[in-house]
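I have placed the structure first, in the form of structure tokens, so that the comments after it can refer back to it.
This is a predicted model, so every value here is computed, not measured. In what follows, chains are A, B, ... by sequence order, proteins preceding strands, each numbered from 1.
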Number of protein chains: 2
Amino acid sequence: MKTPANAACASSVTAASNSGEGVVEKKMINSELWHACAGPLVNLPAAGTHVVYFPQGHSEQVAASMKKDVDGQIPNYPNLPSKLLCLLHNVTLHADPETDEVYAQMTLLPVLSNMHCALRVLSNQTKLLEFDKDALLRSDIGLKSNKPQTEFFCKTLTASDTSTHGGFSVPRRAAEKIFPPLDFSMQPPAQELVARDLHDNVWTFRHIYRGQPKRHLLTTGWSLFVSGKRLFAGDSVLFIRDEKQQLLLGIRRANRQPTNLSSSVLSSDSMHIGILAAAAHAAANNSPFTVFYNPRASPSEFVVPLAKYYKAVYSNQISLGMRFRMMFETEESGTRRYMGTITGISDLDPVRWNNSQWRNLQVGWDESTAGERRNRVSIWEIEPVTAPFFLCPPPFFRSKHPRQPGMPGTRCAI
Amino acid sequence: MKTPANAACASSVTAASNSGEGVVEKKMINSELWHACAGPLVNLPAAGTHVVYFPQGHSEQVAASMKKDVDGQIPNYPNLPSKLLCLLHNVTLHADPETDEVYAQMTLLPVLSNMHCALRVLSNQTKLLEFDKDALLRSDIGLKSNKPQTEFFCKTLTASDTSTHGGFSVPRRAAEKIFPPLDFSMQPPAQELVARDLHDNVWTFRHIYRGQPKRHLLTTGWSLFVSGKRLFAGDSVLFIRDEKQQLLLGIRRANRQPTNLSSSVLSSDSMHIGILAAAAHAAANNSPFTVFYNPRASPSEFVVPLAKYYKAVYSNQISLGMRFRMMFETEESGTRRYMGTITGISDLDPVRWNNSQWRNLQVGWDESTAGERRNRVSIWEIEPVTAPFFLCPPPFFRSKHPRQPGMPGTRCAI
DNA sequence: TTGTAGGCGAGTCGCCGACAA
DNA sequence: TTGTCGGCGACTCGCCTACAA
């Protein structure tokens with residue numbers, strides 16, 4: 001196998017019994033690192049739980065990663081409802097070996113043949129079938145529950161960081177929080193850092209504390225990392241330290257146009273039809289089907305935990321003019337809430353996906369300056385601000401975990 | 001847009017009215033260059049003609065480009081026959097902007113609702129529906145007909161060609177045939193070459209004739225090309241000169257494992273189902289559908305000109321033990337024929353694709369040394385050697401164009 | 001606290017024949 | 001005829017500090 005010359009990059013997982021060429025080695029992706037790369041808002045449902053699958057949202061993700069709108073030629077699948085109640089049989093984390101893009105593979109098993117009706121019944125609270133309604137309401141929605149908020153930092157690369165002229169300037173706090181402490185009796189203090197990426201490749205850097213004024217720098221090894229990962233100014237790099245005190249690092253690319261070309265393999269239409277047909281076939285036969293969820297390709301969370309969906313539909317009384325808050329990701333991988341108002345309730349695609357609830361809320365945002373926020377959201381994405389009773393934030397959505405310091409979220413404006 | 005530093009690469013097609021970001025600029029791919037990159041055996045059917053589409057072969061191509069076998073979970077589409085007679089509405093040439101992989105986009109319009117029956121009738125010669133049987137038989141199969149065999153050369157890159165230590169050693173014949181003549185009064189004779197690739201990017205090279213003994217070399221600019229295209233020893237580069245005396249260049253990568261990762265967008269199953277469902281939907285509605293044909297990803301020519309198909313089925317009396325010849329591509333982009341024997345006739349997949357004719361001939365080859373030739377072919381791929389009448393080659397398949405010099409094909413062994 | 005730039009050394013790139021296959 | 005190598009410039013890479021934002 002040919003690889004570009006890259007001396008500092010070596011796989012630490014050596015296939016003990018590499019029996020044949022066709023065998024794709026199964027690597028276990030580090031979950032913490034995967035989530036760090038995916039961002040603070042991404043929360044995968046757990047295997048073994050029930051989820052609601054939205055083919056419409058799935059189709060949206062494919063359209064986004066191909067940068068091509070559905071052109072309306074996609075046929076209807078009369079037997080495919082707009083949502084499918086499924087048992088999430090399996091979740092596997094992946095990362096593209098070329099781009100390091102993170103994605104998850106989920107195996108879904110439809111549990112009822114006519115889910116559209118079932119879910120309507122469910123949302124009307126008349127009957128919950130085999131599910132325990134109270135249990136669903138009691139259950140933790142699990143915001144951040146599987147992210148023990150390990151030591152973590154993320155920096156957007158500057159022009160200097162990515163130029164061939166020098167190394168990487170480490171933010172002071174980051175170096176002190178994440179890196180092993182330097183021996184300050186040395187002149188200058190320096191050490192060798194060893195970090196692994198999502199593919200378990202090892203990258204080594206010289207970490208040195210020098211300059212006037214003093215600062216932390218990564219020098220030797222850094223440029224190999226930049227060229228190896230094809231990083232540019234605006235992309236981000238992140239370091240975390242896992243429970244074994246091992247250093248892990250990942251990247252997040254700036255929003256560039258979908259790299260996924262126009263796909264020379266399959267036509268856009270075939271892809272969209274494939275999604276629908278695969279789901280329809282699985283639903284008709286009660287057989288499992290597989291989807292890929294690509295959290296950074298589009299904000300299309302098309303596999304929603306049943307508890308989250310049900311709580312939102314059960315609890316939130318939606319009305320025109322209603323105020324709500326919603327989480328967004330900040331530049332430096334934090335979260336903050338923005339306030340908005342519901343300006344309309346309508347199907348996104350009334351013809352093909354009637355009454356689907358997928359992004360059926362039209363919204364306006366208080367701070368228009370930030371500009372590019374979505375003008376359509378789904379009910380389970382928002383936290384209603386119930387007027388006139390002032391709940392901030394609603395106890396329902398209060399996370400069990402301490403709020404990020406410095407986050408302006410605790411101040412609520414009406 | 002970010003691009004790796006690559007000074008010698010610049011697009012010459014400037015969008016005259018680049019109205020907006022989402023607009024994908026339509027570039028006209030040079031047909032000669034595309035065919036040179038695709039190889040001597042690739043011959044696309046012409047737009048406006050009738051073709052036979054094999055969903056089974058299409059599925060095979062997808063499996064090959066994903067390096068994953070169909071796992072048998074793909075449902076049957078009872079309404080989708082194993083072959084579909086279509087009008088080829090449109091053919092567009094493309095090249096992957098990242099890898100330069102060539103592929104063709106075809107829009108197919110099914111012309112009969114129950115093609116399986118129709119084609120069976122057709123092959124039984126009882127009725128030809130609206131087609132003129134004699135016209136089909138008379139028509140030129142068109143081997144190489146759209147390739148006016150322009151000045152062309154192709155070289156597999158050596159370790160020296162791709163190392164950073166030096167430039168590119170140009171085969172003497174190639175330089176004399178393709179490049180503009182040097183001014184040999186100079187000491188040493190040298191010139192600047194300008195060549196365009198499939199994307200109309202301009203590459204410039206210093207072409208110099210020096211050394212002892214004298215030889216043609218490309219020096220300055222060459223290493224940028226190698227790194228820009230990510231070429232390695234074993235890959236090939238080819239130059240052609242078009243009718244306007246302009247120099248064009250392309251690449252052909254060595255057979256490496258399918259770069260198309262495991263596709264983080266769509267599951268393998270969804271892709272296969274998508275192919276079938278798209279074709280089935282198009283056939284049921286008499287609406288067009290789109291396929292991508294990727295000639296170098298797999299030898300799966302799943303869109304066959306009707307005339308070619310019909311001639312093969314009508315003319316070739318297939319029997320066990322029958323001798324035949326078949327064209328293969330040689331290392332240096334030439335062609336040669338290999339002899340073989342039919343050892344079996346059976347469906348490749350009797351369950352899902354019964355009686356499909358797709359690669360239903362099991363074959364053995366005379367020269368087993370070359371090893372990795374396919375053990376299953378379709379009837380329209382072979383030239384029968386009718387015994388005891390010795391035809392060499394059968395006049396039926398004799399190309400109108402002069403055979404390549406130095407090709408050993410005219411000598412026939414029984 | 002940290003982004004950028006000038007200064008410079010060491011190392012690679014890349015142009016040149018020689019030589020042999 | 002052409003693939004590889006030793007020789008050797010020249011130039012980029014990359015480590016350092018200075019200086020400002």
B:Phe168 CZ to D:dT2 C1', straight-line distance once rounded to whole Å: 11 Å

Nucleic acid footprint by protein, nucleotides 12-21 of chain C - heavy-atom cut-off 4.0 Å, B for base, S for sugar-phosphate alone: -SBBSBBBB-

Interatomic distance where NZ belongs to A:Lys155 and P belongs to C:dT2 [whole Å]: 8 Å

Touch class at under 4.0 angstrom, heavy-atom based, for B:Ser160 against every strand present: base

For B:Met186, all residues meeting side chain to side chain contact (heavy atoms under 4.5 Å, CB included), sequence neighbours excluded: B:Asp183

Results of side chain to side chain contact (heavy atoms under 4.5 Å, CB included) for B:Ala159 - residues two or more places apart only: none

Short side-chain N/O contact from B:Ser169 to OP1 or OP2 of D:dG3, under 4.0 Å: yes

Cation-aromatic face contact A:Arg336/A:Tyr338, 6.0 Å, 45 degrees: yes

Terminal helix-axis angle for the helix from C:dT1-D:dA21 to C:dA21-D:dT1, with five pairs defining each axis and rounding to 10 degrees: 40°

Nucleic acid contacts of residues 171-181 of chain A, taken as heavy-atom distances under 4.0 Å to DNA chain D: none

Between side-chain atoms of residues 213-221 of chain A and protein atoms elsewhere (two or more places apart, or another chain), which donor-acceptor pairs fall under 3.5 Å?
from: A:Lys214; atom 1: NZ; to: A:Gly211; atom 2: O; distance (Å): 3.4
from: A:Arg215; atom 1: NE; to: A:Pro213; atom 2: O; distance (Å): 3.3
from: A:His216; atom 1: ND1; to: A:His207; atom 2: NE2; distance (Å): 2.9

Full working for salt bridge (charged side-chain N to carboxylate O under 4.0 Å, His left out) between B:Lys229 and B:Asp235: CA-CA 10 Å; B:Lys229 297 291 189 190; B:Asp235 297 339; over 6 Å; no

